[in-house]
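Beneath this line is the structure, given in structure tokens, with notes to follow.
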Amino acid sequence: MSGQLIEQIVNGVILGAIYALMGAGLTLIYGTMRVLNFAYGEFYMLGGYAFLLLTSAAGMPWPLALVLAAVLVFAFAAVTAAGVVQPLLARPGWDFSTIAATLGISIALQNAALAIWGERFQSVPYMVDGTLEVAGLHIPYQRLLIVAAAAVLIAGSAAILSFTRFGRAVRATAQDREAARVLGVPADRTSILAFAFGSALAALAGMILAPIYAVSPWMGVPLALKAFAVVVLGGLGSFRGAVVAGLLLGIVEAVGVALTSSEWREAIAFAVLIAVIWVRPWGLYGVERSVR
Amino acid sequence: MLEMRRVCVRYGATQVLWDIDLSVGEGEVVAVMGPNGSGKSTIFKAVMGLAPPFAGAISFRGEDITRLPVERHVARGIALVLERRRLFPTMTVRENVLMGAFHAQAAKAADETLRWLQGLFPVLRERGGQIAESLSGGEQQMVAIARGLMSRPRLLILDEPFLGLAPKMVAQVVDLIRAVNAEGIAVLFNEQNVRTSFSIADRGYVIESGRNVVDGTGLGMLEHPDIRRVYLGEQGAAP
Ligand SMILES: Nc1ncnc2c1ncn2[C@@H]1O[C@H](COP(=O)(O)OP(=O)(O)O)[C@@H](O)[C@H]1O
Ligand SMILES: [Mg+2]
């Protein structure tokens with residue numbers, strides 16, 4: 001293998017880790033609420049701004065800012081879910097109204113960010129400086145931090161889903177909401193918390209990527225699109241599927257760009273999506289039957 | 001201990017239950033019978049809060065539960081096993097059963113309850129690690145009933161527990177319901193076959209088009225002309 005190819009694979013893993021993290025958060029929300037959350041990218045954006053303000057304006061050390069910003073976005077998302085999304089879900093004809101509502105929230109948040117923070121792209125300093133030089137590869141430590149943080153967040157989320165009471169409530173609600181409620185699982189509260197949890201994952205992705213992509217009111221749009229592709233590719237509502245699909249998409253995209261040129265980036269990503277969905281309409285880890 | 005009085009339920013604009021009266025005493029086994037679409041499942045859903053009545057009242061052990069949210073029933077001592085088992089498809093048998101002890105009080109006693117149920121349901125020991133979906137219909141029904149019992153209910157409601165089961169499995173589930181009842185747990189269930197129903201039930205209700213038609217004890221009530229007409233599909237008696 002040429003050195004360049006290896007470098008692209010490394011880049012693909014970094015990209016894939018972010019896609020996986022974004023997809024994992026979105027699939028959690030879809031799984032429990034059966035809502036396509038079109039405001040997902042804006043929680044990523046809010047993470048970026050919250051982190052920017054806490055570090056540069058408030059002068060907080062970055063690890064503390066990371067945690068605090070995630071908590072703030074979690075709380076904001078919980079209020080959004082409880083105040084807007086859940087009440088709409090309780091009404092008949094909900095599937096369209098939640099799409100309209102989350103689109104509305106998305107636009108409102110973008111405009112609010114524009115009004116408050118302006119249209120300027122703002123940069124966030126690297127959390128860690130320096131570059132790892134190994135076997136002819138040059139990898140900035142910031143990028144390694146992104147992969148490590150994404151891996152820890154994904155593994156942590158998987159552990160929460162597998163081993164905690166909240167995680168069992170989330171899985172049961174996602175698999176059969178009515179059966180879960182009959183067993184005493186507070187499905188509405190579980191969905192609201194899952195929505196907030198997924199949104200906090202997006203916010204954390206926004207924070208660890210901020211030093212590379214800069215912060216702006218529209219920063220969430222392309223990432224949210226990718227997250228949707230990842231969720232569909234992995235199988236709607238499948239956590240494992242989102243993680244695998246995210247990594248796969250990141251690597252295919254990076255290698256594909258290296259073999260062609262960067263204008264082909266989106267075309268390659270969506271060609272993969274369409275090819276997989278053609279063969280497996282239910283996605284990599286979805287189940288071959290309609291969702292109950 | 002369960003009292004339904006003049007319960008009316010509608011789905012959207014369509015009313016499906018009209019003034020339903022039904023009761024279950026402590027430790028009793030009660031069957032609900034009636035043709036497809038007559039409202040049997042809806043009666044159970046009304047009890048559990050899944051289809052709250054717009055008129056009438058439901059009480060359990062002296063407390064009004066007419067508008068109690070679904071999630072809070074299990075803590076009061078009511079467990080419902082939904083039609084078609086409704087196991088969590090990608091969880092293992094063991095995980096499914098443990099979901100039945102989600103409620104805080106039940107969670108504390110989960111280990112002990114599980115040991116008790118493993119005695120009653122060998123499938124829990126033999127297939128505990130298997131994914132629920134990989135089990136046969138009969139085995140899934142056993143797991144669904146075990147999951148319902150994990151909350152240590154005083155009333156177990158079973159919606160179509162024999163549906164789609166081979167005769168041998170039907171006999172096993174019948175034995176199981178008897179064993180559960182022998183522990184003092186009241187059972188309310190529905191089943192199309194009247195003879196199967198009365199092989200376990202102390203009393204039965206016949207429902208037609210969302211209304212009570214007749215109720216009584218034992219196969220004797222089958223001699224009632226309304227039953228022969230409505231339920232057994234016999235012509236002759238005046239409609
Ligand atoms: N979720 C629902 N929405 C609208 N109508 C329903 C719903 N569930 C049941 N029904 C209707 O209510 C009536 C009673 O149904 P059900 O209680 O399921 O009957 P059974 O269990 O006796 O077969 C039927 O006419 C059925 O079509
Ligand atoms: Mg039914």
Side-chain angles (χ1 to χ4, degrees), chain A residues 27-28 30-32 86 89-94 158-193 234-244 282-292, chain B residues 11-13 41 44-45 47-51 68-92 94-108 110 131-133 140 143-144 146-153 156-159:
Chain A
T27 213
L28 264 179
Y30 180 82
T32 47
Q86 196 71 47
L89 279 176
R91 302 161 88 179
W94 57 272
I160 287 172
L161 283 178
S162 300
F163 304 121
T164 68
R165 185 175 152 83
F166 168 66
R168 293 196 298 135
V170 167
R171 284 187 293 143
T173 305
Q175 290 183 30
D176 191 330
R177 188 181 191 87
E178 193 175 58
R181 294 186 73 199
V182 164
L183 297 175
V185 176
D188 287 352
R189 198 191 332 151
T190 301
S191 304
I192 288 165
L193 290 176
L236 282 170
S238 166
F239 187 88
R240 186 181 305 174
V243 174
V244 172
W282 52 93
L284 296 174
Y285 283 82
V287 183
E288 187 184 356
R289 70 173 139 69
S290 61
V291 181
R292 264 197 293 261
Chain B
Y11 293 116
S41 297
F44 297 164
K45 288 183 175 180
V47 173
M48 206 62 188
L50 288 164
L68 190 70
V70 182
E71 296 83 331
R72 308 243 309 260
H73 282 68
V74 72
R76 301 284 180 102
I78 308 178
L80 168 65
V81 177
L82 289 160
E83 197 171 344
R84 296 182 192 285
R85 1 265 185 229
R86 301 283 285 274
L87 297 180
F88 301 112
T90 71
M91 291 189 194
T92 64
R94 196 185 152 78
E95 284 177 308
N96 260 286
V97 172
L98 286 176
M99 277 310 299
F102 187 84
H103 163 60
Q105 235 162 289
K108 265 182 246 156
I131 296 296
E133 266 191 334
Q140 288 192 22
V143 175
R147 185 175 70 176
L149 288 170
M150 275 304 285
S151 64
R152 295 277 185 158
L156 178 68
I157 307 178
L158 305 169
D159 195 349

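Only heavy atoms go into these numbers, but all of them, side chains included; no hydrogens, no water, no symmetry mates. Chain letters run A, B, ... following the sequence lines, proteins first, then strands; residues in each count from 1.
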Between A:R171 and B:E95, is the closest basic N to carboxylate O distance under 4.0 Å?
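Judged by the 4.0 Å cut-off on N to carboxylate O distance, B:E95 and A:R171 do form a salt bridge.
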Segment of [X] engaging chain A (4.5 angstrom heavy-atom cut-off):
{"X": "B:M91", "answer": "both"}
{"X": "B:M99", "answer": "both"}
{"X": "B:I78", "answer": "neither"}
{"X": "B:L80", "answer": "both"}

Would a 4.5 Å heavy-atom cut-off, applied to side chains only, mark A:L183 and B:F88 as touching?
yes
Hey, does A:V182 have a side-chain heavy atom less than 4.5 Å from the side chain of B:R86?
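Heavy-atom side-chain distance check fails, nothing below 4.5 Å.
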Please report the shortest heavy-atom distance between A:Q175 and B:T90, naming the atom on each side.
NE2-OG1, 2.7 Å
Evaluate the side chain to side chain contact (heavy atoms under 4.5 Å, CB included) criterion for residues A:E178 and B:K45: first the C-alpha distance (whole Å), next the side-chain angles of each, then the deciding distance (0.1 Å), finally the verdict.
CA-CA 11 Å; A:E178 193 175 58; B:K45 288 183 175 180; 4.2 Å; yes
Determine the option with the most heavy-atom pairs under 4.5 angstrom with chain A, choosing from B:M48, B:R147, B:H103.
B:R147
